[in-house]
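Note that the structure is a prediction, hence the values are computed from the model and not measured. Along the sequence shown, residues carry numbers from 1.
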Amino acid sequence: MPRRPGTPRLLRQLNDRAALELLLAGGPLTRAELGEHTGLSKVTAGQLLARLEDRGLVAVVGEQAGGRGPNAALYGLVPSCAYAAGLDVQPGRVSAAVADITGETVAEVSVDPNGHDDPVRLVCGAVDKVCASAGITRSRLRAFVIGTRGVVDPETGDVRFSFDLPSWHVGVLAGLRDALDVPVRIENDVNLAALAEHVHGAAAGLDDFVLVWAGVGQGLGVMLGGRLHRGFTGGAGEIGWLPVPGEPLPTDVHEPQSGSFQRLVGGDAVRGLAGAHGIGSGRAPVFAPVSGPVSGAGIGGAGAAGSANGSRGIALSDVSASLGDHVRAAVEEGAEDFLVELAGRLAVGVAAVSVVLDPGLVVLSGDVGRAGGPTLAARVEEAVARICPSRPRVVVSRVEGNPVLRGALVSALGQAREQVFSETV
């Protein structure tokens, strides 16, 4: 590949980018401070700032008192010079957010996807709503990232398969790019949650870790060398299909909730386990006898619906209570037997990942992981240490708000900044 010569134009572009990144990371700087950080002379730094100011990328935001002479002007990045948008698409809710170039979220909205069979119209409607809330036009967006459940083809960027979102298929990405007229990327939701954890959460500053998403569905986000690992087909992290001793293997991979690990720690299993231990949900749930066997028996204790003494047990019939409600109630009630068994089940997946990747840090997220908090994370770490030689540290997610949406904004902002910081000359 031929190398670009060090022309004055290229050097100005590199210096501009360095200055913008410094202002983004360190806040307002004087001309002298910018020169110190970049190695540029005061004259060159002044010319650089004037150029960026003319393009509307930086502005004087204050003054810094010095010794003798007038106060020095403080220059900062103009937040409104560019915006990026993120979207979290779930079967029952679509959330959208807009952030300015500094990363500050300026608007966030939710829309009901019911009655919208066309993903392109649904997304465009959500984008228009969040832009209106932010007080900007759609044309101000530089990048847009959508988080969805399913497998995303790493080559084409299209959703290759999503059981929960059947209308999201090959061709949707092209339709979105045409309709929005802005760079659009679709990403697996758990990968985005891992990206948010890497920037804003428990894995900040770490280049190697995994995020285990535990909830109705199971997922794994893998960060290696500071980069998301998506796999050859985009299917890396589909941990719900992990084979588990004592659990039947799926006979049809297109059948939802049929993966072995999914059977062990998925929604039905957690609800059954909660019923077996008499865990309340805070909604006065009704308990009913289990009419048949529930998968998961023999792993980590009594089984999905078996009680500690081996009796048949009970299951929650109030399915309106979320999995997080059950786990949160268990923590509040100090239901040690339930937490130990749930941790033992999660440890099966964590140990399998750890002996292959040895990540050092495992972050629990999703409804179950976040509701269990440090209490559940500590028990998972203990359980993993008994069966895994690498003994990773297990912590709960520290990302505030919607982790998928925050990850989508992180990704979109990266793209937007790449554009803006490369177009100064």
Side-chain angles (χ1 to χ4, degrees), residues 86 88-89 143 145-162 168 173 184-215 217-244 253 259-262 265 346-366 369 380 384 388-399 403-415 418:
D88 174 24
V89 178
V145 173
I146 304 168
T148 67
R149 297 180 181 179
V151 178
V152 179
D153 190 315
E155 290 190 4
T156 67
D158 263 309
V159 176
R160 193 161 55 84
F161 173 77
S162 177
W168 287 74
L173 180 60
V184 179
R185 176 180 295 175
I186 302 175
E187 181 65 88
N188 174 266
D189 56 352
V190 179
N191 281 344
L192 290 178
L195 191 59
E197 208 70 50
H198 186 237
V199 175
H200 300 296
L206 297 178
D207 287 339
D208 296 272
F209 73 95
V210 298
L211 179 140
V212 175
W213 185 276
Q218 314 308 311
L220 183 76
V222 180
M223 185 76 70
L224 298 176
R227 299 180 63 183
L228 284 171
H229 178 72
R230 298 175 177 86
F232 181 71
T233 65
E238 295 294 327
I239 196 175
W241 300 100
L242 180 74
V244 175
V253 295
S260 297
F261 189 60
Q262 174 67 33
V265 297
L346 290 170
V348 173
V350 173
V353 171
S354 296
V355 296
V356 175
L357 298 179
D358 190 18
L361 178 70
V362 176
V363 181
L364 293 184
S365 191
V380 172
V384 173
C388 176
S390 60
R391 300 177 66 116
R393 188 163 56 97
V394 181
V395 300
V396 69
S397 169
R398 294 179 191 164
V399 174
V404 177
L405 191 59
R406 294 205 71 183
L409 284 177
V410 168
S411 180
L413 281 166
Q415 296 175 54
E418 180 65 30

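M223 places a side-chain heavy atom less than 4.5 Å from the side chain of L228. A heavy-atom distance below 4.5 Å is found between the side chains of L361 and V395.
With N191 contributing its side chain and G221 its backbone, the two residues share no donor-acceptor pair below 3.5 Å. With T156 contributing its side chain and D158 its backbone, the two residues share a donor-acceptor pair below 3.5 Å. With hydrogens and angles ignored, the 3.5 Å screen pairs a side-chain donor or acceptor of H198 with a backbone N or O of L206. Between the side chain of R160 and the backbone N or O of G234 there is no donor-acceptor pair closer than 3.5 Å.
Atom CH2 of W213 is separated from atom CG of L364 by 12.0 Å, given to the nearest 0.5 angstrom. To the nearest 0.5 Å, the span separating CD on Q262 from CD on E238 amounts to 10.5 Å. The distance from the CG atom of D153 to the CD1 atom of I186 is 11.0 Å, given to the nearest 0.5 Å. With values rounded to the nearest 0.5 angstrom, N188 atom CG is found 12.0 Å from L195 atom CG.
Applying the side-chain contact (heavy atoms from CB on, under 4.5 Å) test to V210 and every residue at least two apart in sequence or in another chain returns L220, V222, V353, L357, P359, V362. Partners of R185 under the salt bridge (charged side-chain N to carboxylate O under 4.0 Å, His left out) rule, at least two apart in sequence or in another chain, do not exist in this structure. Residues passing the salt bridge (charged side-chain N to carboxylate O under 4.0 Å, His left out) test with R149, sequence neighbours excluded: D164.
In terms of heavy atoms, V384 sits closest to P392 at CG1-CD, 3.7 Å. Contact detail for S260 and L242: the closest heavy-atom pair is CB-O, 3.3 Å. Smallest separation of non-hydrogen atoms from V159 and W168: CG1-O, 3.6 Å.
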